[in-house]
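To start, the structure under review is shown below, and the notes come after it.
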Amino acid sequence: MSTKASSLHEPAPVEGPSSVGSGALKVCTYVFFPAGGIGRYTHEWLRTLGRHDGVEATLLCAPDFQWQQAAEYVAWPGLRALSHPVPLRRRLRFLRGQFANPLRAIEQAERVDADILHFASVNHLTFPLWAPALKRLRARVTIAVHDVRRQKAIVHRVWEDRQLQAVYRAADALFVHSAYQAHELRDFAGVDPARIHVVPHGPYPYSRPTADRATLRRRYSLPTDGQVALFFGQVRDEKNLDGFIRALGRLDAPLYGLVAGHAHDRHRGMAAYEALAADVGVDDRLVFLDRFIPDEEVGDLFSLADWVALPYRTAFTSQSGVLNVAAHYDRPVLVSDAPVLRETVEVCDIGVAAEGDTPEALVHGIERIMERVNGGHTFAFEAYRQQFSWEENARRTLAVYRALLEAPSLAVRSATG
């Protein structure tokens, strides 16, 4: 496999001048969720962006944003909080935040005279209510598009897609993580390709392991010999854990698995997967940790594994935070033919891409990655970390920001789509 990151340069990021006027570039970044993958991505990206000279980076977040204490940027915790131990109260806060928080972010961006208002997440459900305020905003508007489409509708699919398309069309620039997503965004929302820019998703640094591999495997009731695959993170239907379990049942080679994470509320619970493992006859080869995994435990789980399973369904068109944790720990990944994940592995040799997401296709993929691991194959982790770095993301992003401010006529905002 080639390690040339050709897909990351299609379409190429806009090149702009090295500075904007004589003052600092003021970037306000809005994040809705206080935790989770988008929150972690935003934290890592923004602290890298804020290290650049001439950039004032401010995060517009809720008081319960998880990474405030580790911030290397200014945090403005003026959004309404979402967290609450009572589920009903948490749902009500989520609904209230959909209305209040985008408006609060726009008002704060106006108050500080921001040059850029960057949306790390968008509240498309309520876009008709905050679109007029966005249209009046002096700052240029950019969006990080982690998921071009939503996997599950909350209210009504057709109406929600229409609002999401309108949000994308209202932006001056949109950032995606692959050439596939750039084309998907263009086709879904009719966005001018010149507004779409591909930036890499950087690796996630976590803690060092607390013990050697043999000790860690015994700690989690796994054998000290034989290969162990890790399935990690929030369990959602589109992540195809059921397909992986069925593939394990058809596999002749001795493979064990550790499933670590908690199921999303609107998806099948972990008990369903444990029952499937028993039905398939692999419950003695799978260990389930059905709970939230704290940051300090992440290093142990990745270090005890030989490789990481990402058997996501083909309909999954996002980049994976788990893949970028695996890259930090030098753990190869097995991916399905989910397009963005397959593109990533094909750009830089950090694993194996199966030919599909069915149990049959996954069996062949598992056999290939097990063979490569057993043979001591050298995966291109260092090349990946250089090409898919937060610094490269920040460099490309700043080039786009500066080009927008130097030539604002290149992007005409239309909040009505």
Side-chain angles (χ1 to χ4, degrees), residues 28-47 50 57-109 117-127 129-130 143-144 146-147 150-155 160 164 167 204-207 232-239 260-270 289-298 301 318 320-322 324-325:
C28 285
T29 298
Y30 166 79
V31 65
F32 181 67
F33 295 101
I38 290 178
R40 180 62 190 262
Y41 174 95
T42 304
H43 168 69
E44 296 292 343
W45 167 77
L46 195 59
R47 70 177 185 173
T58 302
L59 182 68
L60 311 181
C61 62
D64 50 348
F65 184 73
Q66 181 176 329
W67 293 277
Q68 277 191 79
Q69 300 305 315
E72 299 175 35
Y73 44 80
V74 175
W76 180 80
L79 303 183
R80 288 190 176 274
L82 304 185
S83 304
H84 198 279
V86 179
L88 179 59
R89 294 286 298 276
R90 189 164 59 247
R91 294 189 190 99
L92 290 174
R93 287 188 171 194
F94 174 83
L95 180 61
R96 181 183 62 183
Q98 292 280 340
F99 291 88
N101 285 348
L103 287 170
R104 288 192 174 198
I106 294 169
E107 290 169 358
Q108 180 63 12
L117 175 56
H118 178 83
F119 285 86
S121 49
V122 291
N123 305 92
H124 65 286
L125 288 175
T126 56
F127 183 58
L129 299 178
W130 53 272
I143 300 174
H146 301 289
D147 305 278
R150 299 297 182 259
Q151 290 287 336
K152 289 181 178 288
I154 298 176
V155 179
E160 289 183 39
L164 192 55
V167 172
Y204 284 141
Y206 279 92
S207 58
F232 179 83
Q234 189 180 67
V235 180
R236 304 198 306 266
D237 296 346
E238 67 268 18
K239 291 189 175 182
H262 192 64
H264 191 281
D265 291 343
R266 299 173 62 231
H267 296 251
R268 279 175 290 180
M270 196 72 85
L289 299 181
D290 184 12
R291 57 179 171 80
F292 171 78
I293 306 298
D295 286 359
E296 56 270 19
E297 191 176 1
V298 172
L301 300 183
S318 305
S320 166
V322 177
N324 283 285
V325 180

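Only heavy atoms go into these numbers, but all of them, side chains included; no hydrogens, no water, no symmetry mates.
Atom CD of Glu44 sits about 10.5 Å away from atom CG of Asn324, to the nearest 0.5 Å. The CG atom of Leu92 sits 12.0 Å away from the CG atom of Leu82 when rounded to the nearest 0.5 Å. The distance from atom CG of Asn101 to atom CZ of Arg80, rounded to the nearest 0.5 Å, is 8.0 Å. If you take CG on Leu60 and NE2 on His118, they are separated by 11.0 Å, rounding to the nearest 0.5 Å. Atom CG of Asp147 and atom CD1 of Ile38 lie 6.5 Å apart (nearest 0.5 Å). If you take OH on Tyr206 and CZ on Arg40, they are separated by 4.0 Å, rounding to the nearest 0.5 Å.
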>> Please determine whether side-chain contact (heavy atoms from CB on, under 4.5 Å) holds for the pair Leu125 and Glu160, giving the CA-CA distance in whole Å, both sets of side-chain angles, and the decisive distance to 0.1 Å.
In response: CA-CA 6 Å; Leu125 288 175; Glu160 289 183 39; 3.6 Å; yes
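Considering every non-hydrogen atom in both Pro63 and Leu79, the closest pair reads CD-O, 3.2 Å. Taking all atoms of both residues into account, the shortest heavy-atom contact from Arg268 to Ala263 is O-CB, 3.3 Å. Nearest heavy-atom pair, Leu103 versus Leu129, reported as atom, atom and distance to 0.1 Å: CD2-O, 4.4 Å. Looking at every heavy atom in both residues, Ser83 comes nearest to Arg93 through O-NH1, 2.5 Å. Minimum heavy-atom separation, Lys239 to Gly233: NZ-C, 4.5 Å.
In the displayed structure, Arg96 atom CZ is contacted under 6.0 Å by more than 12 heavy atoms of other residues, nucleotides or ligands.
Tested against Tyr30, the residues Phe119, Trp130, Phe65, Trp76 include a single ring pair (Phe, Tyr, Trp, His ring centres under 6.0 Å) partner, Phe119. When the options Trp45, Tyr41, Phe33 are evaluated for a ring pair (Phe, Tyr, Trp, His ring centres under 6.0 Å) with His146, the one that passes is Tyr41.
Counting heavy atoms from C-beta outward, Phe127 and Val122 have side chains that stay 4.5 Å or more apart. The side-chain heavy atoms of Val31 and Leu46, taken from C-beta on, include no pair separated by under 4.5 Å.
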